[in-house]
2 protein chains.
Amino acid sequence: MRIETIENYLKNIYHLSSNNTMVVSNQKLADKLAISPASVTEALRKLHELKFVVYEKSYGTRLTAQGTKEALGIVRRHRIWETYLAKELGFGWHEVHEIAEELEHIKNDKLINKLAQIMGNPAFDPHGDPIPDAKGKIMKSNFVKLSEAKVNNQYKVMGVTDHSIAFLKYLEKHQLIIGAVLSIKTIEEFDNSIILTCKKKEVIISNKVAERIIVEVI
Amino acid sequence: MRIETIENYLKNIYHLSSNNTMVVSNQKLADKLAISPASVTEALRKLHELKFVVYEKSYGTRLTAQGTKEALGIVRRHRIWETYLAKELGFGWHEVHEIAEELEHIKNDKLINKLAQIMGNPAFDPHGDPIPDAKGKIMKSNFVKLSEAKVNNQYKVMGVTDHSIAFLKYLEKHQLIIGAVLSIKTIEEFDNSIILTCKKKEVIISNKVAERIIVEVI
DNA sequence: TTATTAATTTTGGTATACCTAAAAGATTTT
DNA sequence: AAAATCTTTTAGGTATACCAAAATTAATAA
Ligand SMILES: [Mn+2]
Ligand SMILES: [Mn+2]
Ligand SMILES: [Mn+2]
Ligand SMILES: [Mn+2]
């Protein structure tokens, strides 16, 4: 198998398994990779053969230790590049993902560690996602979704779960960016929309938006 | 054809044609790409079809305007990355080529132009090779090979024509790096080896080495 | 528990990018 | 101008990564 093919499978298996906590179905993988289920079956058999995954016919797939290590390497490279593009090269957080999709395949530890070192080994990328360290260790946090916020509390924006350009641009427009401090004024009973203040400006967001924003109580 | 395949052909056709001044033989391309002549014939027919080259059966191949533009883009990306890796990220000139071979395929003008801008739009890479500007224009120079140097003259090292790691490390050991100032002391009649001083230290180099160093009279 | 639906695998393809060996064409030497 | 040699092309073939359609298996509803 081509190395880039392997990497794309492992990365997506990792994400779809919610950081390795559950097995992944062929269907979900096929959707994510935008290919047919037939192709997924074929590829998984080969990845099993290569000992990157344990593929149990008609049941599901999970990463082996080796597969997890590979996946974490890809995730690290992706997020280090996203952070470098945003922090050091002036790209917006809605632009970095696409470029990082390509840069993540360039395997050179010296390069990635140098970029990380220049930035002081950041633990989170521009979307608030954790960056595995050189050994693959991920800093875990106890963040919650903004949709679970309580009235009168204050929160700090720590990340997003939707990385689409449309969503990120929407957030930027309302200054709902990483680090922003939010005060919850009202939560509408009817549709769970939230009225909050951010940078002294009042903002009304739908539950759909709130579900996609990760915050920390302050 | 896969975009990376196309790019590797165009880049190598460009280099083998000495910046587009002559047609390229299938043999030379096959050698450079380390593939069989049969595969080259096949690929060239497709590249002709795609209007990247003019391929004349049993005669030779040259780039079209479109092919040249593509090739210059690849060369620009390669050399900008080599320069960025060396100047901004602390890599040695013998390390940068390998990494740039992968980075050169990532097509994002904003990224490349940003890197170039950070470095003040350099015109030459760490090996002294010219970097095409965003429009594909190359600064031309009137450098000569050190093997054509004259006794008692002073020269400044401007580049190398051999990019092998072994050669670059050899040069580094003797401080024969870009920008070094050389005074020619003696040229041995017998084998054209050169005795020169560099940073006040006397160095003896063979003709083979001198042929691979590009200098400018000062 | 059987029927229906949904997910997965099998089967039989395609296109790309390579290959070797043989044939054809071009160039150089005698 | 032949013969010898070198280069290029053709013919036939492989591995990878995908596909659609059919067959199978699993999950859900009746
Ligand atoms: Mn991303
Ligand atoms: Mn991210
Ligand atoms: Mn190079
Ligand atoms: Mn170079």
Side-chain angles (χ1 to χ4, degrees), chain A residues 1-18 22-63 66-67 70-71 74 101-102 104-105 107, chain B residues 1-18 22-64 67 70-71 74 101-102 104-105 107:
Chain A
M1 288 177 96
R2 282 182 48 223
I3 181 73
E4 232 191 274
T5 306
I6 293 176
E7 288 182 351
N8 279 330
Y9 273 95
L10 297 184
K11 177 179 69 163
N12 285 296
I13 292 167
Y14 177 80
H15 289 313
L16 288 174
S17 69
S18 310
M22 48 203 255
V23 299
V24 176
S25 72
N26 292 18
Q27 189 87 103
K28 289 243 174 66
L29 250 181
D31 288 351
K32 196 80 177 291
L33 293 164
I35 59 177
S36 73
S39 301
V40 170
T41 301
E42 241 186 305
L44 290 178
R45 244 200 312 259
K46 288 181 198 156
L47 289 169
H48 184 114
E49 201 53 49
L50 294 168
K51 303 218 195 303
F52 284 119
V53 306
V54 177
Y55 158 63
E56 286 181 73
K57 201 169 145 173
S58 288
Y59 163 68
T61 303
R62 61 197 160 71
L63 296 172
Q66 199 201 332
E70 279 298 315
I74 301 156
E101 279 294 307
E102 303 192 54
E104 72 186 6
H105 297 291
K107 266 175 159 163
Chain B
M1 288 177 96
R2 282 181 47 222
I3 181 74
E4 233 192 272
T5 307
I6 293 176
E7 288 182 351
N8 280 330
Y9 273 96
L10 296 184
K11 178 179 67 164
N12 285 295
I13 291 167
Y14 177 79
H15 289 312
L16 288 173
S17 69
S18 311
M22 49 203 254
V23 300
V24 176
S25 73
N26 292 20
Q27 188 87 100
K28 288 241 174 69
L29 250 182
D31 288 351
K32 196 79 177 290
L33 293 164
I35 58 178
S36 72
S39 301
V40 170
T41 302
E42 242 185 305
L44 289 177
R45 243 199 313 257
K46 290 181 197 158
L47 289 169
H48 184 113
E49 201 53 48
L50 294 167
K51 304 223 195 302
F52 285 118
V53 306
V54 177
Y55 157 64
E56 287 181 74
K57 201 169 144 172
S58 289
Y59 164 68
T61 302
R62 61 196 160 71
L63 296 172
T64 61
E70 279 298 315
I74 301 156
E101 280 294 308
E102 303 191 55
E104 73 187 5
H105 297 291
K107 266 176 158 162

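Throughout, a chain's letter reflects where its sequence line sits, starting with A, and its residues are numbered from 1.
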Filtered N/O pairs between nucleotides 1-6 of chain C and protein, under 3.5 Å:
none

For [X], which residues count as a side-chain hydrogen bond (donor to acceptor under 3.5 Å, both in side chains) partner, sequence neighbours excluded?
X        : value
Ser58(B) : none
Thr5(B)  : none
Thr64(B) : none

To the closest 0.5 Å, what do you measure between [atom1] ([X]) and [atom2] ([Y])?
X        : Y        : atom1 : atom2 : result
Arg2(B)  : Arg2(A)  : CZ    : CZ    : 4.0 Å
Gln66(A) : Lys51(A) : CD    : NZ    : 9.0 Å
Arg45(A) : Lys57(A) : CZ    : NZ    : 7.5 Å
Thr61(A) : Leu29(A) : OG1   : CG    : 7.0 Å

### Query
Taking everything shown except Glu49(B) itself, do over 12 heavy atoms lie less than 6.0 Å from its CD?
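Not more than 12 within 6.0 Å, no.
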Distance-only donor-acceptor hits, side chain of residues 10-17 of chain A, under 3.5 Å, sequence neighbours excluded:
unit_1   : atom_1 : unit_2    : atom_2 : d
Lys11(A) : NZ     : Glu101(A) : OE1    : 2.9
Lys11(A) : NZ     : Glu101(A) : OE2    : 3.1
Lys11(A) : NZ     : Glu104(A) : OE2    : 2.7
Asn12(A) : ND2    : Asn8(A)   : O      : 2.8
Tyr14(A) : OH     : Asn19(A)  : OD1    : 3.3
Ser17(A) : OG     : Ile13(A)  : O      : 3.1
Ser17(A) : OG     : Tyr14(A)  : O      : 2.9
Ser17(A) : OG     : Asn20(A)  : N      : 2.8

[X] [atom1] - [N] [atom2] separation (whole Å):
X        : N       : atom1 : atom2 : answer
Ile3(B)  : dA17(C) : CD1   : P     : 11 Å
Lys57(B) : dA24(C) : NZ    : P     : 12 Å
Glu4(A)  : dA17(C) : CD    : P     : 14 Å
Arg2(B)  : dC18(C) : CZ    : C1'   : 11 Å
Leu29(A) : dT9(C)  : CG    : C1'   : 15 Å

### Task
For DNA chain D, note the earliest and the latest nucleotide, 5' to 3', having some atom under 4.0 Å of a heavy atom belonging to chain A.
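The contacted stretch runs from dT16(D) to dA26(D).
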### Query
If you look at every strand shown and take non-hydrogen atoms under 4.0 Å, does Thr5(B) touch a base, only sugar-phosphate, or nothing?
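Since only primed, P, OP1 and OP2 atoms lie under 4.0 Å of Thr5(B), the category is sugar-phosphate.
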### Message
So Tyr55(A), base contact, sugar-phosphate only, or nothing? Heavy-atom distance under 4.0 Å.
### Response
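Sugar-phosphate only.
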### Task
State which residues pass side-chain contact (heavy atoms from CB on, under 4.5 Å) with Ile35(B); sequence neighbours excluded, sorted by chain then number.
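side-chain contact (heavy atoms from CB on, under 4.5 Å) list for Ile35(B), sorted by chain: Tyr9(B), Leu33(B), Ser39(B), Val40(B).
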### Query
Under a 4.5 Å cut-off applied to non-hydrogen side-chain atoms, are Tyr55(A) and Leu47(A) in contact?
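Heavy-atom side-chain distance check fails, nothing below 4.5 Å.
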### Task
Can you sort out the partners of Lys107(B) under salt bridge (charged side-chain N to carboxylate O under 4.0 Å, His left out), two or more places apart, ordered by chain and number?
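In terms of salt bridge (charged side-chain N to carboxylate O under 4.0 Å, His left out), with neighbours along the sequence ignored, Lys107(B) is linked to Glu7(B), Glu70(B).
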If you restrict it to nitrogen or oxygen atoms, what contacts under 3.5 Å exist between nucleotides 19-22 of chain C and the protein, and what is each distance?
unit_1  : atom_1 : unit_2   : atom_2 : d
dC19(C) : OP1    : Ser36(B) : N      : 3.3
dC19(C) : OP2    : Ser36(B) : N      : 2.7
dC19(C) : OP2    : Ser36(B) : OG     : 2.8
dC19(C) : OP2    : Ser39(B) : OG     : 2.6

### Query
If you look only at pairs with a residue in residues 32-44 of chain A, which of them pass as a salt bridge (Lys or Arg N to Asp or Glu O under 4.0 Å), with sequence neighbours excluded?
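Every candidate salt bridge (Lys or Arg N to Asp or Glu O under 4.0 Å) pair involving residues 32-44 of chain A fails, so no pair, neighbours aside, qualifies.
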### Query
Using a heavy-atom distance cut-off of less than 4.0 Å, which residues of residues 43-51 of chain A contact DNA chain D?
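The stretch gives none, as no residue of it lies under 4.0 Å from the strand.
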